[in-house]
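This structure is a prediction, so every number in the text was calculated from the model and none was measured.
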Protein chains: 2
Amino acid sequence: MELNEAREKFIEAWGAFGSAWGINRSMAQVHALLLISHEPLCTEDVMEQLNISRGNANMNLRALIDWSLIRRVLKAGERKEFFEAEKDVWKIATHITRERKKRELEPLVRLLQELEDVPGTSAEAKGFRRMTHDLHDLTTRLDTLLEHSTRRDVQWFVKAATTLLK
Amino acid sequence: MELNEAREKFIEAWGAFGSAWGINRSMAQVHALLLISHEPLCTEDVMEQLNISRGNANMNLRALIDWSLIRRVLKAGERKEFFEAEKDVWKIATHITRERKKRELEPLVRLLQELEDVPGTSAEAKGFRRMTHDLHDLTTRLDTLLEHSTRRDVQWFVKAATTLLK
DNA sequence: TCAATATTTCAATAAGTATTGAAATATATG
DNA sequence: CATATATTTCAATACTTATTGAAATATTGA
């Protein structure tokens, strides 16, 4: 496969993958483009290479900065902003999971905690409490796990588990 | 909080959570409803309680069976089908991750594997290979991990990690 | 077999999300 | 400060995905 064809396929696949996991396709594609770009790119570059509008490019570049997946870069003698991606896949994984944990997992954990305290002695109330308690337990564990994950932990973690489970 | 209010909140939250992770809101809500229902429910029950159409209910009940998150139940003397949810949260987590792994992770792993073989000695080609190789490595580890996870493994796994990282 | 009832399908439509592009705003440079 | 250039905003629009509901199909049991 040609390098250029490969680059396109990667951008497409990363976009589809993100999209399946509730991450806006353009955002994932902009991220993919920067991931495989050797040099930092400016907004125009992103617009051209992905065929998207200025507004779209701007919006998703900002979102990616927000997620700590890319950073602004200044080029000497250039007025406009350039962007480059974090290339360490462990950091990428950590930043994505942290962001989503904050946005979606934490609110769920908080609600489940409340729901565990629903009063009542009926079989229904008991069953409800058991369910929400178990879910709360699971989500809290996940939450803690992600909270304390650092690159080395994750590496150890996955390696240990992979070996053990092989 | 009243049990009924709590039930509604849970259904809503589970729907929103699923939706943020690329799982159809209705599917997540039907799942939530069955999770907290003491008795198996029929299609009509689901339609009524969630205010959704027959087609929608049917489609999502089928999808949930497909994901092994609920099962059909026959009630003695009843002609129609009833449905009940798997209530073991570890099994729920396993089934969801397995299903998504199959649908989205595996195709990505396959592509990344191909992309690692892109030819060329330019800095660009090298950088591209490094990136896709690292990603392939990460996704493969994840894939293996999920592949071999069973309830007990997951319990051990999360417990060990939680303790270690606390 | 035939009605009654249950389930599935699917074209039409609605709802939700993403994208555009031009105007407004901000910022750098002579 | 004026001008050129870069960035952001946002209402309009396009696109995607979910949902409806009625018709078609399947299933049960008298």
Mind calculating the distance between [atom1] ([X]) and [atom2] ([N]) to the nearest angstrom?
X: K75(B); N: dT28(D); atom1: NZ; atom2: C1'; result: 19 Å
X: R54(A); N: dT9(D); atom1: CZ; atom2: C1'; result: 13 Å
X: I52(B); N: dA14(C); atom1: CD1; atom2: C1'; result: 15 Å
X: N56(A); N: dC15(D); atom1: CG; atom2: C1'; result: 13 Å
X: N51(A); N: dC15(D); atom1: CG; atom2: P; result: 14 Å
X: N58(A); N: dC10(D); atom1: CG; atom2: C1'; result: 12 Å
X: N60(A); N: dT7(D); atom1: CG; atom2: P; result: 16 Å
X: R62(B); N: dA6(C); atom1: CZ; atom2: P; result: 18 Å

Side chains of T43(A) and E81(A) in contact at under 4.5 Å (non-hydrogen atoms):
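Of all side-chain heavy-atom pairs linking E81(A) with T43(A), none is under 4.5 Å.
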Given DNA chain D, 5'-ward residue of the pair S19(A) and M59(A), judged by closest heavy atom:
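The residue whose closest nucleotide sits nearer the 5' end is M59(A).
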For the side chain of R79(B) and the base of dT27(D), is some donor closer than 3.5 Å to an acceptor across the two?
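By the distance-only test, yes, there is a pair.
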Nearest-nucleotide comparison on DNA chain C, the residue closer to the 5′ end among F83(B) and S26(A)
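Its nearest nucleotide being more 5', the pick is F83(B).
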Candidates R98(A), K102(A), K101(A), R110(A) - the one meeting salt bridge (Lys or Arg N to Asp or Glu O under 4.0 Å) with D143(A):
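By the salt bridge (Lys or Arg N to Asp or Glu O under 4.0 Å) criterion, D143(A) pairs with just one of R98(A), K102(A), K101(A), R110(A): K101(A).
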Using a heavy-atom cut-off of under 4.0 Å over every strand shown, decide if N24(A) touches base, sugar-phosphate, or nothing.
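It contacts sugar-phosphate atoms only.
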Using 4.0 Å as the upper bound for N to carboxylate O, is an ion pair formed by D66(A) and R103(A)?
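Judged by the 4.0 Å cut-off on N to carboxylate O distance, R103(A) and D66(A) do form a salt bridge.
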Would R7(A) and E2(A) pass as an ion pair if we require N to O under 4.0 Å?
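No salt bridge links R7(A) with E2(A).
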